[in-house]
Amino acid sequence: MDRGGDRVSRENETGEVEGTPSTGGDLVQSRRENLDALRSAGVDPYGDSYDVTHHAGEVHGRVDEMEGEEVSIAGRVTAVRSHGKVTFMDLEDLGGQVQLFLRKNDLGDDKYDLLEHVDLGDVLGARGTPFRTRMGEPSIRVEDFRVLSKCLNPLPEKYHGLTDVDLRYRRRYVDLMVNRESRDVFVTRSRIVSAMRRFLDDRGYLEVETPMMATIAGGATARPFVTHHNALDMKLYLRIATELYLKRLIVGGMERVYEIGRVFRNEGISTRHNPEYTLLELYEAYGDYHSMMDLTEDMISSLAEEVLGTMQVEYRGETIDLRPPWRRLSMVEALMEHGVDIRAWSDDGDARRDAARLGVAVEEGVTRGKIIDELVEELVLPGLIQPTFLLDHPVDISPLAKRKLDDPEFTYRFEPVIAGMEIGNAFSELNDPEEQRRRFEEQMAQRHRGDDEAHVMDEDFLTALEYGMPPTGGLGIGVDRLVMIFTDSDSIRDVILFPLMRPRIQEMDSEEGIDSSTIES
RNA sequence: AGGCCGCUAGCUCAGUUGGCAGAGCACCUGACUCUUAAUCAGGGUGUCCAGGGUUCGAGCCCCUGGCGGCCUACCA
């Protein structure tokens, strides 16, 4: 039959040509028509503020005690089941969802007919009284509703949701809209960070902010992003750590400081690495790495208890028990368990032979400590599922950590490991300015041998140490990775709202913004 | 950076040996005053990632490129 004809009956002042029915390929078109229809019915489809008294989840959960009360809620329409003169809708807000029960008798003909122009995904405000339907479903008998915002784009399928990972990251707003699990992850993330602040605030730590852009990118061994300041005509680096500034504050007498902030590392992207990530760093005057271990296990287990209600979390099918005390395992012991006796190495050749024997690739010219680090990472790390402090790192890969008094080739340093993932880094801070200078010089030497991740010299930091920094314990925690464990996420991108993605061609900035200095290598 | 895999309707996915482009949901038309992955009747809405090539004929085969995922490498 000719479909073009009866199609036009429906509200078509757009001058639709016969043969090109409005139902054409464009799903957006029918939504635009509904938008226009609302406008011509005198309804502003992008309405004014709405007086919200309750959340959907609250009504859903307490429907029996709320019966007869008047409530008004607002959220997105996620399902419509129309039965002629009665319509059911699911309305979803951040906290949950509840069913709307809309009847022609209750709303009147004109209002009820507006439902014709409500699409899946529209933001709706509804006022009415909670009750249970005959099927027992907690619902709101709606007396009045308003379209608060029109959704012009079609939503992903209700059953499978949005699973295309690329789209989930690029259009996070859609992901958040339709995938409750995704929303839950970010709510949890927010709770973790705020609980973290409370934990530290309660213990007398001061939250501070230090420069994100500086002329030296120190505090870690990593390649920085480079940018340029026009007025001063100088090169600036985006920070790779907050360490050296926070320690200057300890010198200044601030005693206990922390910063939760983004750091930027110009390195690879993977399921465990995003170029910008959130780092908690804290420093405590008069502490050391033992007090930092106590603090770490105390903090992380408390966060789990507070945010998740348990200290035993499920991660990738394993139950991880965060209750203190955590296992403490030195690097030397750890390798010994894998049949590597680093005490028996008489020179670097022995180290290389052991690495080769175990099939661990080691670059030419790297230091002995680096070889130990690689062996641990390769052999030990993947097996450390339960929380473990991996401790006493070699001195040459720990330029800011204090040397062990009884074993000067190693340092008072540890990395907390959970589920085979390094989630932090901590040490008794090196506070001897002369020793620090020698360490920096050694790093510079490595740099000249081609290691462009080696630490750079920071004269002002040395000057600060010369004023005297108290013995200090310092700790860094990779917040994203911690969130991964708390939310059972296998990719860091699942816990970062907008992870870095290569731009789609049409999103490329043609004028300025992207130039060689920000996308090098 | 290297290797492997993927890209088909708004979404989730099929697509045989190279022979008219498919399903479910969504959407459109109609029915329905207690449904809930509502149901019933009817309708397929497409730059098969892009550009070349082979072929009578390409979603499928070949080449180049784009984007993504996983693994390896670097790192936390």
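Lettering of chains follows the sequences in order, A, B, ..., and the numbering in each one begins at 1.
Across B/G66 and B/C25, the matching P atoms stand 39 Å from one another, rounded to whole Å. Atom name P, nucleotides B/A21 and B/U12: the rounded distance is 24 Å, in whole Å.
With hydrogens and angles left out, the side-chain atoms of A/Glu429 and A/Thr472 include no donor and acceptor closer than 3.5 Å.
A/Asp452 meets the salt bridge (charged side-chain N to carboxylate O under 4.0 Å, His left out) test with A/Arg223; sequence neighbours excluded. A/Phe389 meets the ring pair (Phe, Tyr, Trp, His ring centres under 6.0 Å) test with A/Trp326, A/Phe414; sequence neighbours excluded. Remark: A/Phe131 engages A/Phe101 in a ring pair (Phe, Tyr, Trp, His ring centres under 6.0 Å) (not counting sequence neighbours). Take A/His160 and apply the ring pair (Phe, Tyr, Trp, His ring centres under 6.0 Å) test, not counting sequence neighbours, and it matches no residue. Residues passing the salt bridge (charged side-chain N to carboxylate O under 4.0 Å, His left out) test with A/Arg171: none are found, sequence neighbours excluded. Shown here are the salt bridge (charged side-chain N to carboxylate O under 4.0 Å, His left out) partners of A/Glu297, two or more places apart in sequence or in another chain: A/Arg328. Not a single ring pair (Phe, Tyr, Trp, His ring centres under 6.0 Å) links A/His393 to another residue, sequence neighbours left out.
The phosphate of B/C28 has OP1 or OP2 within less than 4.0 Å of a side-chain N or O from A/Ser30.
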Given Watson-Crick and G-U pairs under 3.5 Å, RNA chain B in dot-bracket ([ ] crossing, | other strand) is (((((((..((((.....[..))))((((((.......))))).)...(((((..]....))))))))))))....
Let me have a per-nucleotide readout for nucleotides 33-41 of chain B, 5' to 3', with B, S or -, counting only protein heavy atoms under 4.0 Å.
BBBBBB---
